[in-house]
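Here the structure is a predicted model, which means the values were calculated and not measured.
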Amino acid sequence: MQRSLRAFRRLGRSAGLLASPPSPGTAAANAARWVPLRAAMSTQESFRIEYDTFGELKVPSDKYYGAQTVRSTMNFKIGGVSERMPVSNSSLCPFILFQYVADQDLPSIGNLQVAAGKLNDHFPLVVWQTGSGTQTNMNVNEVISNRAIEILGGKLGSKIPVHPNDHVNKSQSSNDTFPTAMHIAAAQEVNEVLLPGLKKLQNALEAKSKEFSQIIKIGRTHTQDAVPLTLGQLIMWLVIWFMSSCKCLIGFMFLTAPVGLPFVTAPNKFEALAAHDALVELSGAMNTVACSLMKIANDIRFLGSGPRSGLGELILPENEPGSSIMPGKVNPTQCEAVTMVAAQVMGNHVAVTVGGSNGHFELNVFKPMMIKNVLNSARLLGDVCVSFTDNCVVGIQANTDRINKLMSESLMLVTALNPHIGYDKAAKIAKTAHKEGTTLKEAAIKLGFLTSDQFDQWVKPKDMLGPQ
């Protein structure tokens, strides 16, 4: 038995993820018989009988999971396929890696095939199950066990020679494996998806800030006209604000490959089981990023509103038809996607916060929901930043004609007159121009507060961009 296990361990390592059988005549091929995946098993019976401590159950004959997984599908019919536990590499890989390290006597083929996503159809459990994730842990154990049994020429469901509890679980608790998998999955998703997406968007915004650095536009506060700034300044301010929100994620930045992430054992195991403050903190950091993205996307879509009856200072890329009834209409769909993702991440954080606050005595029992939402937030934020960058930000153009028109008509350029004629007279100029529909210059001359030459000398938008 031990000799066979060692042979399969070597086979798994030499074959990588085992997409194809070993070459005939090799030592690995001679050591064991290659058994293909049961992608579409054809048998006379559609079910096999397996058992757990509660009794016998029918298990689909083309699945590697066992009785405990089936029992969970019977007890938790909640939400359907869309509510299944995440089965991407970032969520299942940590489980398989952890189990493989825990039991080096198992054939590595079964572990690696699960980790490679080749057996995703064999993980049917939903998030809404036991709060410790025990059933998902056993789902993984059963799949590895039965795949290993098949490789070794045994009978599926027999638990011989590889038992899902005794050999795969290896006397561990789900309270050991599930929190470990949660942390590995979260760190992997943050490093592989979230952080690269954020960096891509940051770089694109910085490039636009430089491109628009010489374009002077009117500012707005309270959605009303304000003093001028450059379009580059506006975008750079968005960049700085975005970077500030991203700093919350600094503690989750790991620069090494996923397997080499700098994990350490929890200093206090009771705290690690009863609370998940690290995940709550990570979710909070992503919530902060979501707040920044909401503002950035809203500013861009409002500045691009129009094309003729809105602000129209930005020209956004036209990606697809915007209406089923209004011909030629184009909408700021990428901005809308960003704001919807931001709203979802905020909602996810509320659920994670509630989950993190419910560590009853020695165990938190909101684990599946918490990690599902954390992974969902990281994936959504990372993906939407890439989509927003590629399909919107890089293609944004400045509508300089519209920008110049709106700036020249703004009443708040009168602010430049404060040092010369005082606040009260400047206010009277602005109110008169607004009431009579004239320009500031026309109103100022009519009121006799200054001459045409003085207005031209004192009211220069470029001199209002910052301290002189």
Side-chain angles (χ1 to χ4, degrees), residues 201 204-205 208-209 211-239 241-242 291-343 384 387-416 429-443 459 461-462 464-465:
L201 177 56
L205 288 172
K208 284 296 170 182
S209 176
E211 179 182 344
F212 299 150
S213 62
Q214 301 303 312
I215 300 175
I216 303 174
K217 66 179 295 295
I218 198 63
R220 296 178 182 87
T221 58
H222 303 270
T223 70
Q224 305 298 302
D225 294 359
V227 295
L229 74 164
T230 69
L231 185 55
Q233 285 175 324
L234 183 148
I235 295 180
M236 180 51 69
W237 179 74
L238 294 179
V239 171
W241 190 39
F242 182 58
C291 291
S292 296
L293 286 174
M294 180 74 82
K295 192 264 191 298
I296 291 170
N298 277 333
D299 280 3
I300 289 176
R301 70 168 157 184
F302 292 147
L303 290 173
S305 61
R308 293 189 176 181
S309 300
L311 295 179
E313 294 185 341
L314 296 180
I315 302 172
L316 306 185
E318 299 182 352
N319 296 324
E320 64 271 314
S323 173
S324 59
I325 190 173
M326 293 177 281
K329 193 174 191 299
V330 179
N331 299 325
T333 52
Q334 289 295 318
C335 296
E336 292 166 1
V338 171
T339 55
M340 286 191 290
V341 164
V384 84
S387 178
F388 187 44
T389 301
D390 291 342
N391 299 309
C392 182
V393 175
V394 297
I396 292 175
Q397 301 176 46
N399 187 347
T400 53
D401 290 341
R402 179 67 172 169
I403 289 172
N404 292 334
K405 181 178 185 297
L406 292 176
M407 185 181 64
S408 65
E409 295 175 350
S410 173
L411 298 177
M412 289 304 100
L413 294 179
V414 77
T415 307
I429 292 173
K431 288 181 176 293
T432 299
H434 183 51
K435 181 178 180 180
E436 297 181 356
T438 62
T439 66
L440 287 175
K441 184 175 182 179
E442 290 169 343
V459 182
K462 67 178 181 179
M464 302 175 68
L465 300 177

(message) Measuring from atom CG of L440 to atom OG of S408, what distance do you get when rounded to the nearest 0.5 angstrom?
(response) 10.0 Å
(request) Considering non-hydrogen atoms only, spot the tightest contact between L231 and K217 and give its length. (result) CD1-CD, 3.7 Å
(request) Could you walk me through whether R220 and L303 pass side chain to side chain contact (heavy atoms under 4.5 Å, CB included), step by step? (result) CA-CA 11 Å; R220 296 178 182 87; L303 290 173; 3.8 Å; yes
(message) Taking the side chain as everything from C-beta on, heavy atoms only, tell me whether F388 gets closer than 4.5 Å to V393.
(response) yes
(message) If you count every heavy atom of other residues, nucleotides or ligands that lies below 6.0 Å from E409 atom CD, does the total exceed 12?
(response) yes
(message) So which atom in A430 and which in L411 form the shortest heavy-atom distance, rounded to 0.1 Å?
(response) O-CD1, 3.9 Å
(request) Calculate, to the nearest 0.5 Å, the distance between atoms CD1 and CG belonging to I300 and L234 respectively. (result) 9.0 Å
(request) Heavy atoms only: give me the nearest T389-A204 pair and the separation to one decimal. (result) CG2-CB, 3.5 Å
(message) Distance check, rounded to the nearest 0.5 Å: T415 atom OG1 versus M464 atom CE?
(response) 5.0 Å
(request) Would you name the heavy atoms of P228 and I216 that are closest together and state the gap between them? (result) CB-CG2, 4.1 Å
(message) Distance check, rounded to the nearest 0.5 Å: E313 atom CD versus R402 atom CZ?
(response) 7.5 Å
(request) Taking only Lys NZ, Arg NE, NH1 and NH2, and the carboxylate oxygens of Asp or Glu, determine whether K405 and D401 approach each other closer than 4.0 Å. (result) no
(message) If you count heavy atoms of other groups shown closer than 6.0 angstrom to NZ of K329, is the number above 12?
(response) yes
(request) Mark yes when over 12 heavy atoms from residues, nucleotides or ligands other than Q214 sit less than 6.0 Å from its CD; otherwise mark no. (result) no
(request) State whether the side chain of S410 and the backbone N or O of M407 hold a donor-acceptor pair below 3.5 Å, judged by distance alone. (result) no
(message) If we ignore hydrogens and angles and just use 3.5 Å, is the side chain of S209 paired with the main-chain N or O of G232 as donor and acceptor?
(response) yes
(message) For the CZ atom of F242 and the CD1 atom of I235, what is their distance to the nearest 0.5 Å?
(response) 14.0 Å
(message) Using every non-hydrogen atom in the two residues, find where A226 and I218 come nearest and quote the distance to one decimal.
(response) O-CD1, 3.0 Å
(request) Apply side chain to side chain contact (heavy atoms under 4.5 Å, CB included) to the pair Q334 and L316, showing each step before the final yes or no. (result) CA-CA 10 Å; Q334 289 295 318; L316 306 185; over 6 Å; no
(message) Can you give me the closest heavy-atom contact between V338 and L293, atom names plus distance?
(response) CG1-O, 3.6 Å
(request) Answer yes or no: is there a donor N or O on one side and an acceptor on the other, between the side chain of K208 and the main chain of I396, under 3.5 Å? (result) yes
(message) Rounded at 0.5 Å granularity, tell me how far CG in L311 sits from CZ in R301.
(response) 13.0 Å
(request) Using atom types as modelled and distance alone, determine if a side-chain donor or acceptor of D225 lies under 3.5 Å from a backbone N or O of M412. (result) no
